[in-house]
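What follows is a set of notes on a single structure, which appears directly below.
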Amino acid sequence: MPSVQAALEKVDKEIKPEHYDLVEVDLDEDGRKDALALMNGQSSYSGSGGSTLFLLRACKEDGKYTKVGSVSVVHAPIYLRTTRHHGLRDLLVTVRGGGAEPGVAVLAFDGKGYPRSPGEATAKVEGKDKVLFAEKSGADGS
């Protein structure tokens with residue numbers, strides 16, 4: 001998606017399409033697909049503690065994307081929740097490595113953005129949570 005790439009290049013001009021896995025999902029249920037870009041091992045935004053997840057909201061007027069969050073040190077699987085805060089759906093991200101207690105943490109939109117880090121991994125995956133990024137089974141874990 002060229003406009004997703006343009007939005008990510010505003011964050012860092014070194015980000016290339018092969019540096020991330022992309023999922024489109026309507027976070028605000030306005031009929032437009034927002035974008036989640038999970039950085040992979042080819043990117044400088046990925047390390048032993050996890051990867052950065054960029055959250056991009058589709059703009060109504062011009063079809064471009066605005067960054068509404070970048071969450072560091074997360075792993076797949078990442079889930080979409082049915083709950084929402086300030087109009088945007090909550091996400092569940094997997095946390096492990098880098099000294100973090102393994103588990104899943106809730107990311108809630110605070111009206112301005114999603115948190116920069118996942119916080120405590122105290123949430124539980126529920127049956128109605130939808131997988132957005134599945135866990136990869138590669139030998140390198142990326």
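Scope of the values below: all heavy atoms of this structure, side chains included, with no hydrogens, waters or symmetry mates.
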Working for salt bridge (Lys or Arg N to Asp or Glu O under 4.0 Å), residues E135 and R96: CA-CA 13 Å; E135 188 167 18; R96 69 171 178 266; 3.6 Å; yes

Minimum heavy-atom distance between [X] and [Y], given as atom pair plus value:
{"X": "A76", "Y": "A134", "result": "CB-O, 3.3 Å"}
{"X": "P118", "Y": "V74", "result": "CG-CG1, 4.0 Å"}
{"X": "G119", "Y": "A105", "result": "O-CB, 4.3 Å"}
{"X": "L107", "Y": "S117", "result": "CD2-O, 4.5 Å"}
{"X": "A108", "Y": "P115", "result": "O-CD, 3.5 Å"}

With hydrophobic residues grouped by side-chain heavy-atom distances under 4.5 Å, do [X] and [Y] end up in a single group?
{"X": "V104", "Y": "L91", "answer": "no"}
{"X": "Y79", "Y": "V73", "answer": "no"}
{"X": "V93", "Y": "V25", "answer": "yes"}
{"X": "V68", "Y": "L38", "answer": "yes"}
{"X": "Y114", "Y": "V106", "answer": "no"}

What's the separation between atom [atom1] in [X] and atom [atom2] in [Y], rounded to the nearest 0.5 Å?
{"X": "L56", "Y": "Y65", "atom1": "CG", "atom2": "OH", "result": "8.0 Å"}
{"X": "L22", "Y": "L36", "atom1": "CG", "atom2": "CG", "result": "8.0 Å"}
{"X": "F109", "Y": "H85", "atom1": "CZ", "atom2": "NE2", "result": "12.0 Å"}
{"X": "S43", "Y": "I15", "atom1": "OG", "atom2": "CD1", "result": "6.5 Å"}
{"X": "L8", "Y": "K67", "atom1": "CG", "atom2": "NZ", "result": "9.5 Å"}

Neighbour count above 12 (heavy atom, 6.0 Å) for K16 NZ: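 Yes - once you tally the heavy atoms of other residues, nucleotides and ligands closer than 6.0 Å, there are more than 12.
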
Any side-chain heavy-atom pair of [X] and [Y] under 4.5 Å:
{"X": "R116", "Y": "S70", "result": "yes"}
{"X": "V71", "Y": "T52", "result": "no"}
{"X": "D129", "Y": "L80", "result": "no"}
{"X": "E120", "Y": "V95", "result": "no"}
{"X": "I78", "Y": "T94", "result": "no"}

Stepwise salt bridge (Lys or Arg N to Asp or Glu O under 4.0 Å) test for K112 and D110: CA-CA 6 Å; K112 295 180 181 174; D110 67 5; over 6 Å; no

Test salt bridge (charged side-chain N to carboxylate O under 4.0 Å, His left out) applied to R57 and D26, D34, D28, the passing residue: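 Going through the options one by one, the only one that passes is D28.
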
Residue pair [X] / [Y], side-chain donor-acceptor N/O under 3.5 Å:
{"X": "N40", "Y": "S46", "answer": "no"}
{"X": "Q5", "Y": "Y20", "answer": "yes"}
{"X": "T83", "Y": "R89", "answer": "no"}

E126 and R81: CA distance, side-chain angles, deciding distance, salt bridge (Lys or Arg N to Asp or Glu O under 4.0 Å) verdict: CA-CA 9 Å; E126 299 172 3; R81 302 215 89 175; 3.2 Å; yes

Near-ring test Y45/F54, centroid separation under 6.0 angstrom: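 Yes; Y45 has its ring centre under 6.0 Å from that of F54.
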
R84/D90 under salt bridge (Lys or Arg N to Asp or Glu O under 4.0 Å): CA gap, chis, key distance, verdict: CA-CA 5 Å; R84 65 174 97 196; D90 296 343; over 6 Å; no

